[in-house]
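A short worksheet on the structure shown next.
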Amino acid sequence: MTKIAVFASGSGSNFQAIQEAIERGDLQAKVEVVITDKPGAFVVTRANRFGVPVVELAPKSFESKAAYEEKIVAELLSREVEWIVLAGYMRLVGDTLLTAYENRIVNIHPSLLPSFPGKDAIGQAMEHGVKVTGVTVHYVDAGMDTGPIIAQAAVDVVADDREATEERIHKVEHELYTKTLQTLFIARSQLH
Ligand code: GRF
């Protein structure tokens, strides 16, 4: 059973999809903790519903990014967390976390990277008038959505309808993330 932490800043629909996949038995993992940098974000409500512990930290209340991340690392180590799963965590991961969890941090991004990295990827794609966009799961490095790609899926844009496009993307995200995590955890556990 792989012990994971989910990091989220907002709604947390990907967290919920992961937790539901675990409860269905489709993902052999346990969410030991949800970490949020936005106290009171909706992901906290979702985590409470599932009885998953949450750590809410306001980065501004720390003297530096390193101090903020050291606190996170201490929380993760005390729970023996093996993997960090970013799901709408709107912050660049710094050296402290990258060093503590080298090659064990993954992210999901709502575009076919390397197209449209950064904020509002769906808006960027629609602005450019692309007909097909998608979802990418990738390892996290120090850059903005730049780490090695693990899995991708294409999603057709619904012309002039952001809401419908977003809905399609989220649906694909929820499926792709849980499937990819399961494959990744199994592959890694066979190496040990
Ligand atoms: C998702 O689109 C994810 O790809 C991006 O942020 C969004 C988070 O959505 N990184 P949610 O909070 O999981 O609903």
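Because the structure is a prediction, the values reported are computed rather than measured. Note that ligands are numbered from 1 as they come in the structure, with each ligand's atoms numbered from 1 the same way.
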Is there side-chain contact between [X] and [Y], with heavy atoms separated by less than 4.5 Å?
{"X": "V157", "Y": "V132", "answer": "no"}
{"X": "E167", "Y": "R162", "answer": "no"}
{"X": "Y177", "Y": "V172", "answer": "no"}
{"X": "M90", "Y": "K119", "answer": "yes"}

Is any NZ, NE, NH1 or NH2 atom of the basic residue among K3 and E82 found under 4.0 Å from an Asp or Glu carboxylate oxygen of the other? no
Under a plain distance cut-off of 3.5 Å, with no hydrogens placed, do Q152 and T136 share a side-chain donor-acceptor pair? yes
Using distance alone, with no hydrogens and no angle criterion, decide if R46 and S13 have a side-chain donor and acceptor under 3.5 Å apart. no
Starting from [atom], what is the nearest protein heavy atom, named by residue and atom, and what distance separates them?
{"atom": "atom 8 (C) of ligand 1", "answer": "G88 CA, 3.6 Å"}
{"atom": "atom 3 (C) of ligand 1", "answer": "E173 OE2, 3.2 Å"}
{"atom": "atom 10 (N) of ligand 1", "answer": "I108 O, 3.0 Å"}
{"atom": "atom 9 (O) of ligand 1", "answer": "N14 ND2, 3.7 Å"}

Contact region, M90 to ligand 1, non-hydrogen atoms below 4.0 Å, reads neither
Can you list the atoms of ligand 1 that are under 4.0 Å from a heavy atom of [X]?
{"X": "H109", "result": "4 (O)"}
{"X": "S13", "result": "11 (P), 12 (O), 13 (O), 14 (O)"}
{"X": "S11", "result": "12 (O), 14 (O)"}

Is ligand 1 less than 4.0 angstrom away from at least one heavy atom of G12? yes
Are any of the N/O atoms on G10, whether in the backbone or the side chain, positioned under 3.5 angstrom from an N/O atom of ligand 1? no
